[in-house]
Structures are given as C-alpha cells and as structure tokens.
Amino acid sequence: MKRLDGKVAIVTGAAMGIGAEVARLFLEEGAWVIAVDLAPFPAPATTRLEQRRVDVGNEADWEALVADIRRVFGRVDVLVNAAGIIGYEAIHELEVAEWERILRVDQTGVFLGMRSVIPLMRAQGSGSIINLSSDWGVVGGIGVAAYNAAKGAVRGMSRNAAVTYARDGVRVNSMIPGWISTPLTDRQPSEANERVIGSTPMGHGGRPSDIAEGCLYLASDASAFVTGTDFVVDGGFLAV
C-alpha cells in the first residue's frame with residue numbers, strides 16, 4: 001500500500017522547487033493533490049493532480065479553493081504550505097512595502113492556509129499540516145530581515161496550532177530546510193549561497209527531494225504521534 005493512498009493534499013508553491021517535488025512525491029504515493037501557485041505550471045494536470053492558480057496571501061482565494069475541495073472530496077487530509085519568497089534587505093534598507101510583500105506570502109499565506117483547512121480537519125478528526133520555515137527562521141541571516149521575521153513566525157504559529165488542535169486529531173509541524181537547490185536559491189547572490197553551503201557540515205546543499213521525503217513522513221500515518229516539532233533537514237547547519 002502506498003503511504004498516502006486516498007488522502008487529499010493541498011501543496012502551495014507547487015509550480016517549482018520544493019513544492020513541485022512534494023506534489024510529485026505525494027501523487028506517486030497515492031494522494032489526490034491540489035497543486036497551488038501563481039506561477040505557471042511546467043506540465044499539465046493529470047489524474048489525481050489538479051492545478052489551481054491561487055494567491056496564498058488572498059483570503060478570498062483560499063475560501064474559494066477550500067469550498068471547491070469540500071464539494072468534490074468532502075475532506076482535506078494534508079496541507080503543505082511551501083509557497084515562499086525572499087528579499088535580501090537589512091532592516092535599515094527595508095521599505096515597508098517590501099516588508100509587507102514578503103510577510104504577506106511567507107507568514108500571512110501560512111496563516112490563511114491553516115485557517116482555511118482546520119475546520120474541515122477538526123470535523124473529520126484528523127489532518128496533518130506542514131509549514132515550511134527555514135534555518136533562517138531559527139538563526140539570523142545577514143540582511144534578509146523580512147524573511148527572517150516571517151520564517152521565525154511560521155515556527156511559532158505551527159507550535160501554537162499544534163497544541164491548540166492536538167485533541168482534535170490535527171497535527172502541525174514546521175519543516176526546516178537548509179540550503180536547497182531550487183530556482184529561488186539559483187537567483188540568490190552567489191556569495192550568499194557560498195556562505196551558507198560553506199557553513200554546512202556536510203559541505204554541500206540539499207535537493208528538493210530531501211525535503212519532500214520529510215514532508216511525506218509528516219503527512220503519512222507513520223508520524224501519527226508527531227506534532228509541534230521542527231523537522232530539520234539541513235546537512236547539519238544548525239548543529240554548528
């Protein structure tokens with residue numbers, strides 16, 4: 001039996017990078033996957049894979065999405081909040097508009113996603129929510145002030161939801177990736193990439209599949225007693 005047979009999963013940021021790999025692996029493991037992004041998807045939808053254009057920072061988009069899923073499936077078993085953007089400005093350089101742009105996706109998007117699916121999960125008595133934070137949600141990075149703030153908030157929101165809804169059967173965990181080779185890191189300044197990889201004890205970065213496998217564990221029944229955790233996949237970066 002596949003590990004997610006029959007489960008209904010929403011994956012945000014699913015057009016590329018980590019989100020795309022999570023959606024692919026969940027599909028392979030038997031889930032019905034609703035892939036969410038504003039960016040164009042590189043390949044068409046298939047059986048058990050629906051693609052939706054959704055702005056994760058928009059309340060109405062979430063309401064419409066979950067209403068459609070409720071009508072078709074009647075349930076949501078897994079939510080992976082993988083959508084994210086980054087900026088590199090330090091606090092003294094950071095315009096309010098840029099601060100709000102990053103928090104809208106990286107923090108408010110996670111909040112809206114959780115708020116939208118938790119009523120369904122509570123009603124069905126089960127569910128797994130996986131929120132992508134970052135090593136930079138645990139320790140400070142040079143610059144990246146808004147990203148640091150948002151990813152730190154994701155960890156706090158995840159723990160809050162974990163303890164609030166544990167008795168309802170809803171598990172909530174934060175995934176903590178280190179440096180992962182994605183279109184986002186490809187666009188980063190090379191010196192930033194070199195600095196992080198150079199501080200990683202394994203001496204190299206990770207792949208989206210490294211994070212997807214961790215998300216699969218947290219989404220599956222194998223992690224039935226796991227909630228409120230920081231699931232770290234970073235080559236030892238935080239251990240230094």
Side-chain angles (χ1 to χ4, degrees), residues 2-4 6-58 61-70 72-73 75-86 102 104-117 120-121 127-134 150-151 154 158 172-177 180-187 206-220 231 233:
K2 295 182 177 181
R3 287 173 280 183
L4 299 182
K7 291 188 183 291
V8 178
I10 302 170
V11 182
T12 73
M16 64 186 75
I18 292 171
E21 183 62 18
V22 170
R24 185 203 65 77
L25 182 59
F26 280 18
L27 192 67
E28 185 178 283
E29 289 290 337
W32 294 86
V33 178
I34 297 89
V36 166
D37 214 314
L38 279 178
F41 291 92
T46 61
T47 303
R48 291 189 293 105
L49 172 66
E50 180 182 348
Q51 298 168 342
R52 289 287 295 264
R53 183 176 171 82
V54 170
D55 176 357
V56 297
N58 183 283
D61 278 12
W62 273 109
E63 289 175 351
L65 174 68
V66 174
D68 287 349
I69 294 170
R70 184 194 296 268
V72 174
F73 297 103
R75 62 187 298 113
V76 174
D77 299 292
V78 183
L79 168 64
V80 181
N81 279 309
I85 57 176
I86 193 170
I102 293 169
R104 183 176 184 275
V105 174
D106 293 358
Q107 181 177 347
T108 302
V110 172
F111 157 69
L112 289 173
M114 290 198 293
R115 193 184 69 166
S116 298
V117 303
L120 263 178
M121 290 182 171
S128 175
I129 298 174
I130 304 155
N131 297 323
L132 265 73
S133 179
S134 167
K151 292 301 186 179
V154 166
S158 299
V172 186
N173 294 284
S174 55
M175 170 64 65
I176 313 291
I180 305 296
S181 180
T182 67
L184 185 149
T185 54
D186 288 344
R187 294 192 297 268
R207 302 163 299 178
S209 59
D210 295 319
I211 308 305
E213 290 287 350
C215 289
L216 174 60
Y217 168 71
L218 293 174
S220 75
F231 197 96
V233 184

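Scanning both residues, G127 and M121, for their nearest heavy atoms gives CA-SD, 3.7 Å. The two residues R24 and E21 make their nearest non-hydrogen contact at NH2-OE2, 2.8 Å. Across every non-hydrogen atom of R3 and E213, the tightest pair is NH2-OE1, 4.2 Å. Taking every heavy atom of both residues into account, S116 and W62 meet most closely at OG-CB, 3.3 Å. Taking each heavy atom of I211 and M175 in turn, the nearest pair found is CG2-CG, 3.7 Å. The minimum heavy-atom distance linking V66 with L120 is given by the pair CG1-CD1, 4.0 Å.
N81 pairs with exactly one of T12, L112, V117, V11 by the side chain to side chain contact (heavy atoms under 4.5 Å, CB included) rule, that one being T12.
Counting only heavy atoms from C-beta outward, the side chains of V33 and E50 never approach each other to under 4.5 Å. Using a 4.5 Å cut-off on side-chain heavy atoms (C-beta onward), P177 and V233 make no contact. Counting heavy atoms from C-beta on, the side chains of L25 and S209 never come closer than 4.5 Å. Under the 4.5 Å side-chain criterion, counting only non-hydrogen atoms from C-beta, L4 is in contact with L216. Here the side chains of I34 and F73 are in contact, with some heavy-atom distance below 4.5 Å. The closest side-chain heavy-atom distance from S181 to R207 is not below 4.5 Å.
With values rounded to the nearest 0.5 angstrom, R104 atom CZ is found 4.0 Å from D55 atom CG. A distance of 5.5 Å separates CG of L79 from CD1 of I129, quoted to the nearest 0.5 Å. Separating the CG atom in L218 from the CG atom in N173 is a distance of 5.0 Å, to the nearest 0.5 Å. Taken to the nearest 0.5 Å, the OG atom of S220 stands 12.0 Å off from the CG atom of D77. Distance check: I102 CD1 to T108 OG1 gives 12.0 Å after rounding to the nearest 0.5 Å.
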Using the side chain to side chain contact (heavy atoms under 4.5 Å, CB included) rule, take V72 and V8 through it: C-alpha gap first, then chi angles, then the decisive distance, then the call. CA-CA 11 Å; V72 174; V8 178; over 6 Å; no
Would R70 and V76 count as a side chain to side chain contact (heavy atoms under 4.5 Å, CB included) here? Give the steps. CA-CA 8 Å; R70 184 194 296 268; V76 174; over 6 Å; no
Please lay out, stage by stage, how I130 and F231 fare under the test side chain to side chain contact (heavy atoms under 4.5 Å, CB included). CA-CA 10 Å; I130 304 155; F231 197 96; over 6 Å; no
Take V105 and V56 through the side chain to side chain contact (heavy atoms under 4.5 Å, CB included) test and state the conclusion after the steps. CA-CA 6 Å; V105 174; V56 297; 4.1 Å; yes
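Panel note: side chain N131, backbone V154; no donor-acceptor pair is recorded below 3.5 Å. For the pair D37 (side chain) and A15 (backbone), a donor-acceptor distance under 3.5 Å is present. With K151 contributing its side chain and D106 its backbone, the two residues share no donor-acceptor pair below 3.5 Å. Under the 3.5 Å distance criterion, the side-chain polar atoms of T182 are left unmatched by any main-chain donor or acceptor of I18. Of the possible polar contacts, none joining the E28 side chain to the K2 backbone as a donor-acceptor pair under 3.5 Å is found. Within the 3.5 Å criterion, the main-chain N or O of A31 finds a donor-acceptor partner in the side chain of R48.
Looking at D61 and R52, no side-chain N of the basic residue comes within less than 4.0 Å of a carboxylate O on the acidic one, giving no salt bridge.
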